[in-house]
Amino acid sequence: MEQDRPDSYSPGAVETKWQQIWEEDGTNRFSPGELRSADAPFYNLMMFPYPSAEGLHVGNIYAFTGADVHGRYQRLTGKQVFEPIGFDAFGIHSENFALKQGINPMDLTPRNVANFTRQLRRIGGMFDWDHTVNTSGPEYYKWTQWIFLQLFNAGLAERKEAPVNWCPSCMTVLANEQVISGLCERCDTPVEQRRIAQWFFRITEYAQPLLDNLAVIDWSDTTIKAQENWIGRSEGATLHFPILVHDDLAGSAPETALAGVGEDIGGAPLISVFTTRPDTIFGATYMVLAPEHPLVDEISSPDQAEEVRAYQEQASKLDLVARQKDDKTKTGVFTGAYCLNPATGKPIPVWIADYVLIEYGTGAIMAVPGHDQRDFEFARVFGLPIPRVVAGPGENADTPLEEAYVGHGTLVNSGDFDGMAWKDGARAIVEWLEGRSLAEAKVNYRLHDWCISRQRYWGPPIPIIYCDDCGPVGVPEKDLPVVLPRVEDFKPDDSGVSPLARVEDWYKTTCPSCGTEARRETDVSDTFLDSSWYFLRYPSTDREDIPMDPEITKRWLPVDCYIGGEEHAVLHLLYARFITMALKDMGHLDFEEPFVKFRKHGLIIREGAKMSKSKGNVIVPDPIIEEFGADTFRLYLMFLGPFAEGGDFRDEGIQGPFGFLHRLHGTVASAIASDTERAAPDPAVERKLHQTIKQLSEQLPNLQYNTAIAALMEYLNAVRAGGRKATRSEVEDLVVLVAPFAPHLAEELWDRLGHEGSIFDGANWPTFDAEKAADDTIKIAVQVNGKLRGTVETAAGSEQDAVVALAKAQENVTRHLAGSAIRRVIFVKDRLLNFVVG
RNA sequence: GCCGGGGUGGUGGAAUCGGUAGACACAGGGGACUUAAAAUCCCCCGGGAGUAACUCCCUUGCGGGUUCGAGUCCCGCCCCCGGCACCA
């Protein structure tokens, strides 16, 4: 009641008022003409949310607020800031939730989007609502399909067999994120692998450029590192081991059988392996193929064939579960076949084991038990020889091996190569084998091709038509989009294909090239494809005829600043880079890196604990905004820790920023009311103001928000110190400095200060005067032997002699100097004086 | 196991190039105003000792080292968080 005084701060009223004004004025929105003509464009991007039924998560708000603060700051410095938001509405999450609720995702998604939109407007982000995107809308996924076709036409999309996660209990295909420790997330049944034909994007073709460009983009270090590891370049060699056929060995010892092979082994079939350690080849005492390796059937001897098949079967079933167990003992089966170690000239047995992965390298290894821990363990289990071929520091050819020595060293037991350093040895051995066509240098990447097929309903249909005569044919561009039909029975089933395969009148079609009867692809594409290009679409949503308006794209892209969570450090950010690069190579774009600058934000925890629905400790934003207002919420989120690292949301802590905004409001209101200027500016306040402007101007571009807010608080404290009344000139700049964090209140105060229009259009980011920011007197620490014994206050820039004199005038200092000689004096101007005595 | 990021008061967190550790807040305590409460304002607030303004000692996960001086640099540990995980 007494709160109704005309100058009291009522966040709800202020925020409703300004949100309405922004809405009506179309502030923060660009017309197509403005997009074309912007002379200082700044594309401010944040990772768009998946519109869940629960509503906006505080983590989303944290990210968006941090990004919005940056956007608003850029705008105050004179940039035209394009800040769009959209909805990543397709995908497994939406589909699963829809399944659980028994609601069709086509009905559920618009509801969630409406709720998200309401919440997003309420937090006061300056989103351009005329350029929003919804990945599940045909006007958007038409172009997602178009991108697929571009890659298809360029030979970057290929169809091949690959394993999918299969839950035998739910009888359905699972996405990787639905497999928890090898178990189905819903029923805890061990997941099996099934092989089906799927579409892959050949991102591995781009492994090297994706790696190289990491050096030229301005990204958070941790994100760069994560991508480097994910791409996983390793240098080594492919080595070829000739296979000895069983007949060669029949009735004779392996050594004898080899005699016939002699020097000339050119014609023998080969097993190829990749290794980063060709220097250890003399220690390769056996070989291992992945159970799925294509040569297994061919080389297995008849008497081993049954055992081999049993092992393969077991491996394919338990694959995923087994690989999650790190302390699992090694298993494997001998195939009955032998290879020739081309370095030693000796036959070595060929095994199969599930510790060798079919998807990496060649799917086969030369096992060097002396110098690889996995091979060592395997050799121990099966009693295979473990020779030493590398000697580390203090070791020699005969030093026993208690475990694998995986370090580098000098070659031993390696014939002519003995005594060479590992690197020289590796090079020499590869050259030697190269001469016999048994080796070549090779770079391998950990990165796999990107499987984009999903045997699911809620995604963009892959725009391919299968024709018996023509094979897979791309849907012609004029027929896009291939509209996802409304299907009431969208539950995946045991067929292993998408629910769309049950909609006959949808998938039955004719071949675009020969006109005969044909069938549509019934899988949909990965959600990550939707999100790999949305930032390209935002500025061009006014165009229905093309995906990207060339003129607008040239002006606004690449993105100036992208802010998002570290959880997308690899997949999303790598896919977006890949798609951009590929589109550039096809001539659709003229840049290859989509995000000039990327900054990750941290995670919000609550009261020291991770938030989770099961713990019931999630922060629900709406009631907080209701009680304290969006400005306070924003300010608190930015204040509770470094933006890049996140922070701990303590419920009581919000009182700090809440009180700050109240005091700010009151201070400005009373400055306006009294409207008297001082005869001369208060030097202490003026200095503090310039120091604050300086600090914010340095910290805001770097997203160092928590300390910037602390500086604003300090300044307001200085203005109000001792009950002092502020003047208009002392608070005008402050209102601008606060505006990125608390835009509604800033608009209100700017208006009350008598300015026309929005603060974000009318105000300029203040500049600081270095002279006015400089302190004229300075406190200098005085130490004796490094211990603080006093401080002296003196003019800035004072020389040593003057400071020493002042220091020696202090009783406490002289007391500590008494009785011993001064050996040395350390003087750091404007900082400290240290007497070294003794 | 590997790769990142951390460990500072009761709490969240500050601290530039190695230069006064604990900015700014929260919580707590005391006081002013008030019939009262809320709100607001003022003061105190790492630990210990000497009972005065004050002075001294200890203190940034642990143990060493470099230095006039270390939260910060170096070496060796411990613990926590995130990611990857048999990648040859």
Side-chain angles (χ1 to χ4, degrees), chain A residues 2-3 8 220-226 228-230 232 234 236 273-277 280 288 322-328 330 353-357 359-368 371-375 377-378 406 444-448 566-567 569-570 602-603 605 607-608 610 636 639-642 644-657 659-660 662-663 666 698 706-714 716-717 720 722-723 779-791 811-812 815-816 823-828 830-838:
Chain A
E2 60 280 321
Q3 298 288 322
S8 81
S220 301
D221 292 347
T222 52
T223 315
I224 298 258
K225 207 71 207 159
E228 265 173 30
N229 290 344
W230 191 262
S234 43
V273 303
F274 172 74
T275 178
T276 54
R277 296 292 303 274
T280 62
V288 187
R323 279 176 192 176
Q324 300 294 331
K325 292 190 184 161
D326 40 354
D327 54 349
K328 174 185 162 256
K330 296 279 182 288
D354 64 4
Y355 82 92
V356 173
L357 310 176
E359 63 266 24
Y360 185 75
T362 63
I365 60 154
M366 66 172 195
V368 184
H371 304 285
D372 180 285
Q373 190 56 31
R374 296 154 298 181
D375 298 343
E377 288 163 16
F378 189 87
V406 296
N444 239 315
Y445 301 92
R446 188 185 166 282
L447 184 68
H448 294 6
E566 185 73 340
E567 70 273 18
V570 280
L603 235 61
I605 58 169
E607 308 284 344
K610 218 169 150 177
Y636 182 44
F639 180 62
L640 51 71
E645 279 146 52
D648 190 355
F649 190 101
R650 318 212 60 113
D651 295 3
E652 281 175 323
I654 199 166
Q655 294 298 339
F660 170 76
H662 269 98
R663 288 191 291 279
E698 287 164 1
N706 59 332
T707 46
I709 292 167
L712 291 171
M713 289 172 167
E714 278 190 63
L716 186 64
N717 289 345
R720 294 163 53 88
K779 266 166 116 186
I780 294 178
V782 180
Q783 302 181 332
V784 178
N785 281 347
K787 281 199 195 301
L788 185 70
R789 297 303 176 193
T791 58
E811 192 262 328
N812 198 44
R815 198 153 49 82
H816 284 93
R823 294 177 181 280
R824 221 177 129 185
V825 178
I826 310 278
F827 178 69
V828 182
D830 291 345
R831 267 232 120 99
L832 132 160
L833 179 70
N834 185 13
F835 296 103
V836 185
V837 302

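Reminder, nothing fancy here: chain letters follow the sequence lines and each chain counts from 1. Everything numeric in this text was worked out from a predicted model, so none of it was measured.
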**Request:** Would you mind telling me which of B/rA85, B/rC86, B/rC3 lies closest to the side-chain atoms of A/Tyr355?
**Result:** B/rC86
**Anti/syn call for B/rC26, syn if |chi| within 90°** = anti
**Prompt:** Base, sugar-phosphate, or nothing for A/Ile365, non-hydrogen atoms under 4.0 angstrom?
**Reply:** base
**Message:** Mind checking if A/Arg663 touches a base, just sugar-phosphate, or nothing, with heavy atoms under 4.0 Å?
**Reply:** sugar-phosphate
**Prompt:** Using Watson-Crick pairs (N1 to N3, plus N6-O4 or O6-N4) and G-U wobble pairs, both distances under 3.5 Å, which stems of at least 3 pairs involve RNA chain B?
**Reply:** B:1-7 with B:78-84, B:10-12 with B:24-26, B:28-32 with B:40-44, B:46-50 with B:54-58, B:61-65 with B:73-77
**Request:** Check whether any side-chain heavy atom of A/Arg663 lies under 4.5 Å from a side-chain heavy atom of A/Leu716, and answer yes or no.
**Result:** yes
**Prompt:** So what does A/Gln783 hit on the nucleic acid, given a heavy-atom distance under 4.0 Å: a base, only sugar-phosphate, or nothing?
**Reply:** base
**Message:** Side chain of A/Pro642 only, heavy atoms from C-beta on: which candidate in B/rA27, B/rC86, B/rG13 is closest?
**Reply:** B/rG13
**Request:** Would you kindly compare A/Tyr636 and A/Met366 by the position of their nearest RNA chain B nucleotide and give the one closer to the 5′ end?
**Result:** A/Tyr636
**Prompt:** Would you say a side-chain N or O of A/Arg720 is under 4.0 Å from OP1 or OP2 of B/rC41?
**Reply:** yes
**Short side-chain N/O contact to B/rC57 OP1/OP2 from A/Arg789, under 4.0 Å** = yes
**Prompt:** Taking atom CG of A/Asp648 and atom CD of A/Glu607, what is their separation to the nearest 0.5 Å?
**Reply:** 6.5 Å
**Asked** Starting at CD of A/Glu811 and ending at C1' of B/rC56, how long is that distance when rounded to a whole Å?
**Response** 13 Å
**Message:** Just the rounded figure in Å: distance from C1' of B/rG13 to CD of A/Glu714.
**Reply:** 14 Å
**Message:** Could you check whether atom CZ of A/Arg823 has more than 12 heavy atoms from other residues, nucleotides or ligands sitting under 6.0 Å from it?
**Reply:** no
**Asked** Considering only the C1' atoms, how many Å lie between B/rG13 and B/rG46, rounded to the nearest integer?
**Response** 15 Å
**Prompt:** Is atom CG of A/Asp221 surrounded by more than 12 heavy atoms (other residues, nucleotides or ligands) closer than 6.0 Å?
**Reply:** no
**Asked** Would a 4.5 Å heavy-atom cut-off, applied to side chains only, mark A/Phe835 and A/Arg789 as touching?
**Response** no
**Request:** Take atom P in B/rC79 and the same atom in B/rA25, then report the distance between them in whole Å.
**Result:** 38 Å
**Request:** Quickly work out the A/Phe649 CZ to B/rA25 C1' distance and round it to whole Å.
**Result:** 14 Å
**Request:** Specify the separation, in whole Å, of atom CD of A/Glu228 and atom P of B/rC87.
**Result:** 19 Å
**Message:** Is there a side-chain contact between A/Ser234 and the phosphate of B/rA88, meaning an N or O under 4.0 Å from OP1 or OP2?
**Reply:** yes
**Request:** Would you mind reading off the distance between A/Leu832 atom CG and B/rA70 atom C1', rounded to a whole angstrom?
**Result:** 13 Å
**Asked** To the side chain of A/Arg815, which of B/rC86, B/rC56, B/rA25 is closest?
**Response** B/rC56
**Message:** As a test of the definition: with a 90° window around 0 for syn, would you call B/rG9 syn or anti?
**Reply:** syn
**Request:** Using a strict 4.0 Å threshold on nitrogen-to-oxygen distance, state whether A/Glu228 and A/Lys225 make a salt bridge.
**Result:** yes
**Prompt:** Taking the side chain as C-beta and beyond, is there a heavy-atom pair between A/Ile709 and A/Phe660 under 4.5 Å?
**Reply:** no
**Asked** Just to confirm, is there a sub-4.0 Å distance from OP1 or OP2 of B/rC87 to any side-chain nitrogen or oxygen of A/His448?
**Response** no
**Nucleotide of B/rG19, B/rU11, B/rA88 approaching A/Thr275 most closely (side-chain heavy atoms)** = B/rA88
**Asked** When you compare B/rG65 with B/rA15, how far apart are their P atoms, in angstrom units rounded to a whole number?
**Response** 30 Å
**Message:** Of the options B/rA27, B/rU20, B/rG12, whose atoms approach the side-chain atoms of A/Thr791 most closely?
**Reply:** B/rU20
**Request:** Specify the residue among A/Asp372 and A/Val570 whose closest nucleotide of RNA chain B lies further upstream toward the 5′ end.
**Result:** A/Val570
**Complete:** In this structure, NE2 of A/His816 is separated from CD of A/Glu811 (nearest 0.5 Å) by 9.5 Å
**Request:** Please measure how far the C1' atom in B/rU11 lies from the corresponding atom in B/rC62, and state the result in whole Å.
**Result:** 24 Å
**Message:** So for A/Lys610 and B/rC81, does any side-chain atom that can act as donor or acceptor lie under 3.5 Å from a complementary atom in the base?
**Reply:** no
**Prompt:** So, is A/Asn229 close to the B/rA85 phosphate, meaning a side-chain N or O under 4.0 Å from OP1 or OP2?
**Reply:** no
**Request:** Could you please name the option among B/rA25, B/rC86, B/rU55 that lies closest to any side-chain atom of A/Asp354?
**Result:** B/rC86
**Rounded interatomic separation in angstrom, taking CD from A/Glu607 and P from B/rG10** = 18 Å
**Message:** Work out how far the C1' atom of B/rG47 is from that of B/rU60, and round it to whole angstrom.
**Reply:** 14 Å
**Request:** Give a yes/no on whether any side-chain N or O of A/Lys787 is located under 4.0 angstrom from OP1 or OP2 of B/rG19.
**Result:** no
**Request:** Would you please confirm or rule out a distance under 4.0 Å between OP1 or OP2 of B/rC68 and any side-chain N or O of A/Arg824?
**Result:** yes
**Asked** Taking atom CD1 of A/Ile365 and atom CG of A/Asp375, what is their separation to the nearest 0.5 Å?
**Response** 4.0 Å
**Prompt:** Checking all strands, does A/Asp375 fall into the base, sugar-phosphate, or nothing category for heavy-atom contacts under 4.0 angstrom?
**Reply:** nothing
**Message:** Just so I know, are the side chains of A/Val836 and A/Val825 near enough to count as touching, which here means a heavy-atom distance under 4.5 Å?
**Reply:** no
**Item:** P-based separation of B/rC87 from B/rG5 [nearest Å]
**Value:** 22 Å
**More than 12 heavy atoms from other groups under 6.0 Å of CD1 on A/Ile826** = yes
**Prompt:** Taking atom P in both B/rA21 and B/rG31, what distance in whole Å separates the two?
**Reply:** 33 Å
**Message:** Expressed as a whole number of angstroms, how long is the span from A/Tyr360:OH to B/rC84:C1'?
**Reply:** 14 Å
**Request:** Just compare B/rA25, B/rU20, B/rU11 and give me whichever is closest to any side-chain atom of A/Lys779.
**Result:** B/rU20
**Asked** Between B/rA14 and A/Asn706, is there an OP1 or OP2 to side-chain N/O distance shorter than 4.0 Å?
**Response** yes
**Request:** Round to the nearest Å and state the distance from A/Leu716 atom CG to B/rA23 atom P.
**Result:** 18 Å
**Request:** Please determine if A/Lys330 forms a cation-pi arrangement with A/Tyr355, meaning its NZ or CZ atom is less than 6.0 Å from the six-membered ring centre and no more than 45° off the ring axis.
**Result:** yes
**Prompt:** Quantified in whole Å, what is the C1' atom distance between nucleotide B/rG10 and nucleotide B/rC75?
**Reply:** 35 Å
**Prompt:** Nearest to the side chain of A/His816, which nucleotide is it out of B/rG12, B/rU55, B/rG19?
**Reply:** B/rU55
**Request:** Name the nucleic acid region contacted by A/Asp221, choosing base, sugar-phosphate or nothing; use a 4.0 angstrom heavy-atom cut-off, strictly under.
**Result:** nothing
**Prompt:** Which of the following nucleotides, B/rU55, B/rC86, B/rG12, is nearest to the side chain of A/Leu357?
**Reply:** B/rC86
**Prompt:** Any idea which of B/rG13, B/rG5, B/rC86 is nearest the A/Arg374 side chain?
**Reply:** B/rC86
